[in-house]
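Have a look at the structure below, then the notes.
One is the number of the first residue; the rest follow in order along the sequence.
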Amino acid sequence: MKNQNRRSSHNSAILFVAFVILGTLGLLGCHDWPDERGTAIEAQNILRDISRIETIADPNVPVPAVYNSPPKKIKQMVGGAEEWKLVYFCKYHTADEIKELIHEQFATELFNKKGQSTTLRDYTVSANPGTNQLIVRCPTEQDVDSVLEIITETDIPPIQVKIECLVSELYADLTVDRETSLLIENLFGEQIKLGGKVDESGAVLPAFPGASLRDPAREKFGLKVGVSTGVEGHKFEALVDILVSRGYLKILMNPTLEVVNGQSAKIQSRQHVPLQQVTIQAGGFGGETILRTQTEYYDIIDSLEITPHVFADGYIGLQTSAQIAAYLTPEGIKQLPIVTERTISNKDNRIRHGESLIIGGIRKSEKRDVIRGVPILKDIPILGMLFSGRDFEERATEVIFILTPTVSTGGRPNRDVIDMLKRQHSSPMTQGLHEAMMDPLGIKAREKEGERKIEAARSAQQQSEAEMNAARLEAMETGRQIQDLSEELDETRAQVEQVNTKASEAASRAEAAEAKAQKAAAEARKAKSEAAKANKEAEPASDPKKP
C-alpha cells in the first residue's frame, strides 16, 4: 500500500514538472507573449540614455586674427572729394553702444527760430552686429583721429558683478481661546436658573464666547471639559471649551545673479497654486452653521531685479526691486493658508565690495487679548473660568533682504558643473540591488565600461577635431597674412623702384648741374686770367714817366 502511494506521488511530481516545462516552452514559442525582462532592460537603457549629461568639449578654437587687427584708416575719393574712413572691431562693447556714444559726442545740435533742435552730422557711423564692427566716415583725417581717440578710451572691459541675495521670512502664531457654556436649572430644589441662551434647536450657546465672535468657524473646533448632570428636574451643566493653536512658517530664498555693470538682471519664479477657502453658510438643518470649502487659484510670484553700479572708489550701488510671496502662512485657530506678499524697492545706496547690505528688515508684532465674563466672578481663581471666556492671539513676522555684491571672476569650468549635476540627478535605482537583479552576469557593467571607452574616444576625437580646426584656421590666417605681406612687399618694391628712379634722375640732374658748374668755373677762371693779362698790357701805356 505504501509503495503504491509512493508510486502515485512520484507520478504526480513527474506530471507537474512536465506540465511546467511544456507551459514554459509554449510561452517561449508564442511570439505574442511579451518578454518582461527585455522590456525592463530596454526601459532602463532608454532612461539611462535620455538622462545622460555630457560635458562640452573645449573647442580650443582661437579667435580669428582679423578680429584682433588694429584699427584701419582708409583714404578714399568719393564723388571727386576726399574722405576718410575708420574700421574698428569693438572688443568689450557692442557696436550699437559705441555708435550711440559717437553720435552723442560728435553730433552738432542747432536750434531754429522756433526753438526746435536739429542735429547736423558731417560724418556717418555704421554698425555691423554680425562682426561687432564699426565703420566711421569723416571728411578729414583729423576727425578720424578724434573719433579713434574717444573709442580707444571708452571701449574698455566692463565690470561684471555677482550678487548673492538672501531673503529670510519668519512667521509665528499663538492663539489661546476659551469659551464657557453654563446652565443651572432647579438646583437644590430651588427655582434658580442660570445659563446662556439657547438656539432654535434648544442647544445651549456659549455664555462667554471667545474667538467665535470674530471667526464663526471656531464653533466646529475645540474640546469641552466640565460637568453635565440632570436628575428629577434638576440640571447642572458647566462646560469649558479650550483650544490652543501654535504655528510657524520659515521661508529662505538664496538666488544668485551675475550682471554687467549698469545692466539689469531679473530672476522670477511663478507658481499657480490652489488655495482652499472656507466659506460659512448658515441656515442648515436646525439652524446649524455649515462650513463649505472652495478652491481658488493664485499666482505665487517670487522675483528679484537688480541693477548694479560700480564706482571708481570700489563701492557698489544697487538698484533693487524684490518680491517674496507665500501661501502657507498659518492663520488663526483654523490654520488655513493665506496668500502673503512682501515687496521692497531701493534705488540708491552704496556698499563696499564683498560686504552685505540689509535693504529691508520688516519686523511686525501683533497681540490681542479679550476677556469676556461676569464682573467680580470672572476674577476668582480657577472658579472664574466658569464665568468668563478669553480670546488671545499673538503674531510676529520678520522679513529680511540681504544683498552681497562682489566683482565676478568669471564662470565655472563646465566639467565641474556637469559633475555637480550628475551627483544631484543620480538615481538610486541605477545601483545596488536593482542592478544585481537586472544584471546578474555583469553584462551591463561591461556595457558601461565599453560606453566609457567610447565616450573617451569621442572626447579624444572632438579634441583632435578642435585642434585640426584650430590648425586649419591658423593656416588660413597665416596664408592670409603671407598674402598681405607679399602684397605689401610688392608695393614696397614698387615704391623702392620709384624712389630709385627718382634718385637716378636726381643724380643725373646733379651731374649735369655739376658739369655746368665746372664749366662756368672754368670760364670764370679763363675770363679772370684774360682780365689780368689785359690789365698788365694796359699798365705801361697809362704811365708816361716810366722809360
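Relative to the six-membered ring of F311, R350 meets both conditions, a distance below 6.0 Å and an angle of at most 45° to the axis.
The side chain to side chain donor-acceptor pair (under 3.5 Å) pairs that include a residue from residues 495-505 number zero, where partners must be two or more places apart or lie in different chains.
Here the CD atom belonging to E394 is positioned 5.5 Å from the OG atom belonging to S365, to the nearest 0.5 angstrom. Between the CD atom of Q268 and the OG atom of S303 there is a distance of 5.5 Å, given to the nearest 0.5 Å. Taken from CD1 in I98 to NZ in K91, the straight-line distance is 12.0 Å, to the nearest 0.5 Å. Here L403 contributes atom CG and S356 contributes atom OG; the two are 8.5 Å apart, rounded to the nearest 0.5 Å. Atom CD1 of I300 is separated from atom CD of Q323 by 9.5 Å, given to the nearest 0.5 angstrom. Atom CG of D155 and atom SG of C90 lie 5.5 Å apart (nearest 0.5 Å).
What you find for H93 and P158 is that their closest heavy atoms are CE1-CB, 4.3 Å. Heavy-atom minimum distance, N254 versus C165: OD1-O, 2.9 Å. When all heavy atoms of A95 and N128 are compared, the pair lying nearest together is CB-N, 4.5 Å. Here the shortest heavy-atom pairing between Y92 and I156 reads CB-O, 3.2 Å. Summarising the geometry of T307 relative to G262, their closest heavy-atom pair is CG2-O, 3.9 Å, with the distance given to 0.1 Å. When all heavy atoms of T406 and G354 are compared, the pair lying nearest together is CG2-CA, 3.7 Å.
Side-chain contact between D299 and R270: present, with at least one pair of heavy atoms (C-beta onward) separated by less than 4.5 Å. Counting heavy atoms from C-beta on, the side chains of I163 and L304 never come closer than 4.5 Å. With contacts defined as side-chain heavy-atom distances shorter than 4.5 Å, the pair E169/E398 does not qualify. Put simply, the side chain of L357 does not reach to within 4.5 Å of the side chain of I402, judged on heavy atoms. The shortest side-chain heavy-atom distance between L249 and L170 does not fall under the 4.5 Å cut-off. L257 is listed as a side-chain neighbour of I267, based on a closest heavy-atom distance under 4.5 Å. In this structure the side chain of K72 never reaches within 4.5 angstrom of the side chain of L86, judged on heavy atoms. The side-chain heavy atoms of I400 and V167, taken from C-beta on, include no pair separated by under 4.5 Å.
Salt-bridge formation is not detected for the pair R246/D173: no Lys NZ or Arg NE/NH1/NH2 atom is positioned less than 4.0 Å from an Asp or Glu carboxylate oxygen. One finds no salt bridge joining K99 and E97 here, because no Lys/Arg side-chain nitrogen approaches an Asp/Glu carboxylate oxygen to under 4.0 Å. A salt bridge between K75 and E82 is present, with a side-chain N of the basic residue lying under 4.0 Å from a carboxylate O of the acidic one. Salt-bridge formation is not detected for the pair E523/R525: no Lys NZ or Arg NE/NH1/NH2 atom is positioned less than 4.0 Å from an Asp or Glu carboxylate oxygen.
Take Y67 and apply the ring-ring contact (aromatic ring centres under 6.0 Å, His included) test, not counting sequence neighbours, and it matches F89. Every ring-ring contact (aromatic ring centres under 6.0 Å, His included) that Y297 has, sequence neighbours left out, goes to H272.
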Test T94 against N132 for side-chain contact (heavy atoms from CB on, under 4.5 Å), laying out the working first.
-> CA-CA 6 Å; T94 63; N132 203 30; 4.1 Å; yes
Please test T320 against I344 for side-chain contact (heavy atoms from CB on, under 4.5 Å), starting from the C-alpha separation and ending with a verdict.
-> CA-CA 8 Å; T320 309; I344 187 169; 5.9 Å; no
Determine, step by step, whether K516 and E514 satisfy the salt bridge (charged side-chain N to carboxylate O under 4.0 Å, His left out) criterion, reporting the C-alpha distance in whole Å, the side-chain angles of both residues, the deciding distance to 0.1 Å, and the verdict.
-> CA-CA 5 Å; K516 290 181 179 180; E514 185 178 0; over 6 Å; no
Working for side-chain contact (heavy atoms from CB on, under 4.5 Å), residues K73 and K85 = CA-CA 6 Å; K73 295 189 297 183; K85 291 185 179 180; over 6 Å; no
Do R368 and E366 pass the salt bridge (charged side-chain N to carboxylate O under 4.0 Å, His left out) test, and can you show the C-alpha distance, the side-chain angles, and the key distance before you say yes or no?
-> CA-CA 7 Å; R368 57 177 294 152; E366 300 178 358; over 6 Å; no
So F106 and C138, side-chain contact (heavy atoms from CB on, under 4.5 Å) or not? Walk me through it.
-> CA-CA 11 Å; F106 292 93; C138 297; over 6 Å; no
Verdict with reasoning, K367 to E393, per salt bridge (charged side-chain N to carboxylate O under 4.0 Å, His left out) | CA-CA 6 Å; K367 183 184 293 186; E393 186 172 6; over 6 Å; no
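In this model, a donor atom of one side chain and an acceptor atom of the other lie less than 3.5 Å apart for T140 and D143. Using modelled atom types and a 3.5 Å distance limit, the side chains of E164 and T256 yield a donor-acceptor pair. Between the side chains of S245 and T175, no donor-acceptor pair of N or O atoms lies under 3.5 Å.
Remark: side-chain polar atoms of N346 are not paired, donor with acceptor, to backbone N or O of Q319 under 3.5 angstrom. Side-chain atoms of H309 do not come within 3.5 Å of backbone N or O of N261 as any donor-acceptor pair. In this structure a side-chain-to-backbone donor-acceptor pair under 3.5 Å is present from N349 to L318.
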